[in-house]
Amino acid sequence: CSGKASHFLSWVWSYKLSLPVRALRHWAEKNPWERHHVNIWWCFFSNNQFRILQGGEANQSTKELAITFGQSVREIGKAWMLLDGLQHSTYVTRIWCIFEVYTARKHDIPCTMLTDPSQEL
């Protein structure tokens with residue numbers, strides 16, 4: 001299904017694809033009333049930070065990237081941060097992920113952590 005994005009998914013490119021699938025499936029099971037109204041903006045399908053740096057967009061300053069990303073995340077309205085674990089998560093070691101969370105919170109975007117259901121306490 002397609003439509004206007006309602007949730008931004010922040011994740012780490014090195015995660016196996018099975019992790020977001022499990023986490024999103026788990027979220028959908030826990031939120032049956034909301035799951036039919038979710039359209040995810042996921043950079044996996046939309047952009048690639050590495051290509052931004054390699055392509056013509058590399059001339060953008062950090063400030064310009066922050067403005068562009070901030071506008072996008074404000075339009076979306078909600079953010080999910082996908083962690084591969086509650087302890088020693090790869091997510092918190094990636095500066096791009098920290099930048100995404102910082103930008104979302106700077107614009108008062110509600111942020112929710114998604115985790116691998118097998119890692120929950």
Taking the side chain as every heavy atom from C-beta outward, state whether [X] and [Y] have any atom pair closer than 4.5 Å.
{"X": "C97", "Y": "V12", "result": "yes"}
{"X": "S6", "Y": "H37", "result": "no"}
{"X": "L114", "Y": "L24", "result": "yes"}
{"X": "F8", "Y": "K78", "result": "no"}
{"X": "L19", "Y": "D84", "result": "yes"}
{"X": "R35", "Y": "W27", "result": "yes"}

Starting at [atom1] of [X], measure out to [atom2] of [Y] and round the result to the nearest 0.5 Å.
{"X": "I95", "Y": "Y102", "atom1": "CD1", "atom2": "OH", "value": "11.5 Å"}
{"X": "S10", "Y": "W41", "atom1": "OG", "atom2": "CH2", "value": "10.0 Å"}
{"X": "H26", "Y": "K30", "atom1": "NE2", "atom2": "NZ", "value": "4.5 Å"}
{"X": "L82", "Y": "S89", "atom1": "CG", "atom2": "OG", "value": "8.0 Å"}
{"X": "L9", "Y": "T112", "atom1": "CG", "atom2": "OG1", "value": "11.5 Å"}
{"X": "H107", "Y": "R74", "atom1": "NE2", "atom2": "CZ", "value": "4.5 Å"}

For K16, is the NZ atom crowded, meaning more than 12 foreign heavy atoms sit under 6.0 Å from it?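 For K16, atom NZ is not crowded (no more than 12 foreign heavy atoms under 6.0 Å).
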If you count every heavy atom of other residues, nucleotides or ligands that lies below 6.0 Å from R25 atom CZ, does the total exceed 12? no
Which heavy-atom pair separates M113 from L83 by the least distance, and what is that distance? SD-CD2, 3.9 Å
Do you know which two heavy atoms are closest between C111 and A104, and how far apart they sit? SG-CB, 3.7 Å
Grouping I, L, V, M, F, W and Y whenever their side-chain heavy atoms are under 4.5 Å apart, do M81 and L17 come out in a common cluster? yes
In one Ile/Leu/Val/Met/Phe/Trp/Tyr side-chain cluster, 4.5 Å: Y15, L86: yes
Do W80 and W11 have ring centres separated by under 6.0 Å?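 No, ring centres 6.0 Å or more apart.
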Verify the ring-centre separation between F99 and F69: is it less than 6.0 angstrom?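 Close enough - the centres of the two rings lie under 6.0 Å apart.
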Looking only at atom types and distance, does a side-chain atom of K4 sit under 3.5 Å from a main-chain N or O of E75, one as donor and one as acceptor?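 Yes, K4 side chain to E75 backbone: donor-acceptor pair under 3.5 Å.
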Between the side chains of T90 and R94, is a donor N or O closer than 3.5 angstrom to an acceptor N or O?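 R94 and T90 do not have a side-chain donor-acceptor pair below 3.5 Å.
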